[in-house]
Amino acid sequence: MSTPAKLPRWAELFLLPAINLLVALLLAGVVIKVMGESPWAALKLMTGGAFGSQESIGYTLYYATNFIFTGLAVAVAYHAGLFNIGAEGQAYIGGLGVGLVCLWLGAWPFWLVLPLAILAGALFGAGWAFIPAWLQARRGSHIVITTIMFNFIAAAVMTWLLVNVLIKPGQQSPESREFAPNAFMPALHELLAKVGITFTSTPLNLAFVLALAAAVLVWLLVWRTRWGYAMRVAGLNPAAAVYAGIHPPRVTIWAMLLSGALAGSLGLNELMGSQHRILLDFPGGAGFVGIAVALMGRNHPLGIFLAAVLFGALTQGGSQLSFDMPRVNRDMVVVIQGLVILSCGALENIFRRPLAALLARFAGRKDEV
Amino acid sequence: METYTLIVLLLAATIRVATPLLLAALAGMFSERSGVIALGLEGMMLGAAFASAAVAAVSGSAWLGLGAGIVAAMALALLLAFACVTQRGNQVIAGMAINLMVAGLGPALALAWFDLGGQTPQLEAAGQRFLSLRWPWAEAARAHPAPGLLYAELISGHNFLVYFAAALVPISAWVLYRTRFGLRLRAVGENPAAVDTAGVAVNRLRYQAVLISGALCGVAGTYLSTAASSGFVRDMTAGKGYLALAALIFGKWKPWPTCGACLLFAFTDALATRLQGVALPLVGVIPVQFILALPYVLTVLLLAGFVGTAVAPRAIGVPYLKEK
């Protein structure tokens with residue numbers, strides 16, 4: 001194996017992702033040009049649509065909340081050397097847990113519902129991740145394939161539950177009844193109003209704060225505990241880990257449980273915070289966006305936060321764009337997500353090597369002076 | 001007689017559902033046997049479905065559509081090969097990236113070009129679609145149900161691409177096990193260094209394998225949009241690329257067993273459609289969703305080693321680096 005070209009830390013963490021993003025946007029610009037629209041005008045509309053007003057910022061951060069949860073989920077598994085493509089299914093089943101608590105215990109006071117919902121989302125998500133994790137750890141089943149299969153199984157289970165069990169009686173569309181207002185996650189503009197700050201009404205809610213807390217927690221767990229250290233060692237070199245007294249199969253299972261729990265928390269934002277009911281396909285691809293977010297954020301909580309805001313901005317700006325440019329629809333955002341994954345994940349070496357050579361030359365020149 | 005007709009119709013539906021699965025699974029077989037993970041099947045198929053429907057709609061020819069579908073899927077395959085083989089990037093990520101990109105690109109281009117909310121125009125005119133071929137005496141044979149209905153429904157009455165897919169199974173088996181290319185392909189997926197030592201270019205072989213996989217996905221995608229339905233709609237592959245991957249694993253990366261797995265998965269699909277809301281004796285109504293999830297559950301059980309074993313090509317997912 002060749003070692004990848006070495007880059008200074010700042011270039012690895014900021015310059016390279018920036019170049020990756022630029023390339024993805026450039027390619028997306030070519031696509032918009034092919035569609036007969038101006039890429040420059042599209043970029044302006046998207047930026048304005050994502051950050052131009054309190055309302056748009058609220059929506060951007062609301063979308064980002066989902067991506068922080070799924071991005072953290074992918075990243076935690078990645079540190080243990082696992083590729084979790086199942087965040088989508090884990091988020092779906094985790095949301096079921098959140099939703100069930102809200103449906104059953106909605107009459108309880110919010111401060112009791114919230115911890116139970118958090119717990120249920122995490123437990124359901126972790127439970128759904130446990131089977132692929134166990135199969136990988138004990139039976140050597142390839143986790144990429146099993147997590148993909150579990151996404152489809154999750155979709156089948158949820159469709160069945162919504163169509164046959166949870167559906168509100170006398171209703172056509174497969175959705176549960178609305179949660180009791182006690183079980184609504186407080187919107188951020190309501191909370192801000194209590195301390196005297198006025199903010200436009202948006203779906204941005206307390207789950208955003210919970211997502212930030214989760215990011216801090218992941219940072220502490222992965223970089224500041226013995227458990228996190230064991231996980232990273234097992235992820236980098238399972239053979240060496242064994243000699244350090246680490247049991248890699250156990251790490252696999254724990255890492256996937258944490259990963260599933262994080263993905264399962266998506267329901268706190270999407271269901272408790274905004275939809276207030278369980279409905280079909282509510283994760284809406286956020287599990288896959290999580291892959292892009294983790295890749296771009298270099299699997300670090302801070303990077304994941306920044307990348308999640310970026311993808312939240314793309315989602316929000318993209319829907320704004322489709323209003324103003326009828327020939328460009330929201331699918332453009334999915335194209336950009338795909339391009340970012342391609343340039344950050346699969347083609348990173350294209351930019352890494354020349355960049356390393358270039359920086360080395362600059363460094364060399366400085367030494368001469 | 002009633003039951004007999006029902007079974008024959010069920011089997012005929014199985015064949016129609018199995019065709020794109022089989023094409024995609026064999027596409028995956030070439031790629032994975034060479035050591036490149038076939039996670040991009042879904043995207044390549046979807047890209048082909050869009051390109052073929054778009055070209056068929058504009059040109060009025062299903063055959064030009066097929067050509068466009070193959071070219072589009074091979075272009076995506078080239079990108080995949082560049083990322084996985086030349087750049088030695090992560091193959092899972094590359095496949096997912098292509099799937100996501102195409103899932104957005106198809107509807108986005110369709111909207112910009114045809115202005116129909118992300119679809120291509122309906123293929124209605126003669127020649128725009130691959131229609132069922134009536135074999136000689138098929139209608140007359142229906143008079144003698146026992147062999148006649150079998151002939152009329154199972155052997156006759158499919159479109160060209162179905163027969164192509166069926167022929168592809170023995171052809172793939174022959175290429176894989178009886179030709180020099182096949183031998184090298186199998187070897188490069190198991191032990192690329194040995195193939196390299198023998199003087200065969202590893203990366204070139206892998207490029208060829210991935211491009212073949214692209215071409216077959218092109219046919220599969222064309223089948224979806226110009227034969228099974230009449231035009232491209234958003235997300236029309238609906239996970240068939242992943243299901244094909246499951247069939248490939250279930251078939252242990254071998255042509256005939258993979259064909260069997262595709263037929264089995266397609267049968268569960270056809271059965272689910274038939275059993276929708278039908279109460280069976282003893283068990284009652286079986287939820288459609290559970291029947292549809294069966295292939296995925298079976299594949300997981302197989303991967304777990306509870307139903308036989310599935311051993312992947314040894315060098316799969318590992319980029320080859322020629323030591324200097």
Side-chain angles (χ1 to χ4, degrees), chain A residues 1-2 31-32 34-37 83 85 131-132 134-135 138-142 144-146 148-161 163-164 285 288-289 291-292 295 322 326-350, chain B residues 37 39 43 79-80 82-84 87-113 115 117-118 234 239 242-243 245-246 249 287-297 299-300 302-306 310 312 316-319 321:
Chain A
M1 287 297 291
S2 72
V31 175
I32 290 180
V34 169
M35 291 171 166
E37 295 278 5
F83 204 164
I85 301 194
I131 310 168
W134 185 83
L135 290 174
R138 303 276 175 230
R139 322 258 332 170
S141 321
H142 202 312
V144 168
I145 309 288
T146 47
I148 290 176
M149 300 296 131
F150 266 72
N151 283 341
F152 288 102
I153 300 172
V157 169
M158 289 298 288
T159 309
W160 179 77
L161 278 175
V163 170
N164 295 287
F288 299 113
V289 179
I291 300 173
L295 277 172
S322 58
R327 288 156 67 85
V328 178
N329 56 5
R330 301 181 68 156
D331 296 305
M332 235 6 254
V333 178
V334 182
V335 179
I336 298 176
Q337 287 165 0
L339 287 170
V340 167
I341 297 185
L342 195 68
S343 78
C344 282
L347 294 175
E348 57 172 354
N349 284 336
I350 292 190
Chain B
I37 297 175
L39 261 181
L79 180 61
L80 199 63
F82 176 69
C84 297
Q87 290 296 323
R88 300 198 297 274
N90 184 316
Q91 300 178 1
V92 173
I93 296 177
M96 294 303 292
I98 294 228
N99 294 348
L100 207 57
M101 194 177 74
V102 176
L105 202 55
L109 288 178
L111 181 83
W113 288 343
D115 208 8
R234 183 186 302 270
Y242 299 109
L243 189 60
L245 191 61
I249 295 166
V288 181
Q289 290 83 16
F290 289 171
I291 306 178
L292 288 177
L294 203 61
Y296 305 110
V297 175
T299 306
V300 170
L302 177 83
L303 279 170
F306 295 126
I316 198 160
V318 186
L321 180 69

Checklist entry - Side chain, backbone, both or neither: which part of Ile37(B) has a non-hydrogen atom closer than 4.5 Å to chain A? => result neither

Next on the checklist: With a 4.5 angstrom heavy-atom cut-off, is it the side chain or the backbone of Val333(A) that approaches chain B, or both, or neither?
Outcome noted: neither

Checklist entry - What distance do Ile341(A) atom CD1 and Ile336(A) atom CD1 have between them, rounded to the nearest 0.5 Å? => result 12.5 Å

Checklist entry - Looking at Val300(B), Leu111(B), Asp115(B), which has the largest count of heavy-atom pairs under 4.5 Å with chain A? => result Leu111(B)

Checklist entry - Partners of Asn329(A) by side chain to side chain donor-acceptor pair (under 3.5 Å), sequence neighbours excluded? => result Asp331(A)

Next on the checklist: Could you go through Gln91(B) and Leu39(B), starting from their C-alpha distance and side-chain angles, then the distance that decides it, and tell me whether this counts as side chain to side chain contact (heavy atoms under 4.5 Å, CB included)?
Outcome noted: CA-CA 8 Å; Gln91(B) 300 178 1; Leu39(B) 261 181; over 6 Å; no

Checklist entry - By a 4.5 Å heavy-atom criterion (distance strictly below it), what part of Ile148(A) contacts chain B: side chain, backbone, both, or neither? => result side chain

Checklist entry - Top residue by heavy-atom pair count (under 4.5 Å) with chain A, among Gly118(B), Ala312(B), Gly95(B), Pro287(B)? => result Pro287(B)

Item to check | Leu295(A) versus chain B, the contacting section by heavy-atom distance below 4.5 Å | outcome: side chain

Checklist entry - Between Ala83(B), Gly106(B), Gly43(B), which shows the greatest number of heavy-atom pairs under 4.5 Å with chain A? => result Ala83(B)

Checklist outcome for this item: Honestly, the part of Ile85(A) sitting under 4.5 Å from a heavy atom of chain B is side chain

Checklist outcome for this item: Interatomic distance, CZ@Phe288(A) vs CG@Asn99(B), rounded to 0.5 Å, equals 9.0 Å

Item to check | Contacting moiety of Ile249(B), where chain A heavy atoms sit under 4.5 Å | outcome: side chain

Item to check | Engaged part of Leu105(B) at the chain A interface, taking heavy atoms whose separation is under 4.5 Å | outcome: both

Checklist entry - What option among Val289(A), Val31(A), Thr159(A), Val163(A) has the most heavy-atom pairs under 4.5 Å with chain B? => result Thr159(A)

Item to check | When Ala103(B), Gly104(B), Cys84(B) are compared by non-hydrogen pairs under 4.5 Å with chain A, the top option | outcome: Gly104(B)

Item to check | Closest-packed option against chain A by number of heavy-atom pairs under 4.5 Å, given Pro107(B), Ala94(B), Ala293(B), Gly89(B) | outcome: Pro107(B)

Item to check | Engaged part of Ile350(A) at the chain B interface, taking heavy atoms whose separation is under 4.5 Å | outcome: both

Next on the checklist: Suppose we screen for side chain to side chain donor-acceptor pair (under 3.5 Å). Which residues come up paired with Asn151(A), at least two apart in sequence or across chains?
Outcome noted: none

Next on the checklist: If you define the side chain from C-beta out and look only at heavy atoms, does anything of Leu100(B) sit under 4.5 Å from Ile291(A)?
Outcome noted: no

Checklist entry - Which heavy atom of Ala304(B) sits nearest a heavy atom of Arg139(A), and at what distance? => result O-NE, 2.7 Å

Item to check | For Gly317(B) against Pro319(B), the heavy-atom pair lying closest together | outcome: O-CD, 3.5 Å

Checklist entry - If you look at every heavy atom in Thr146(A) and Pro132(A), which pair is closest and at what distance? => result OG1-CB, 3.7 Å

Checklist entry - Given that the side chain runs from C-beta out, which part of Leu79(B) has a heavy atom under 4.5 Å from chain A: side chain, backbone, both or neither? => result side chain

Item to check | Residue pair Tyr242(B), Ile145(A): steps toward the side chain to side chain contact (heavy atoms under 4.5 Å, CB included) verdict | outcome: CA-CA 9 Å; Tyr242(B) 299 109; Ile145(A) 309 288; over 6 Å; no

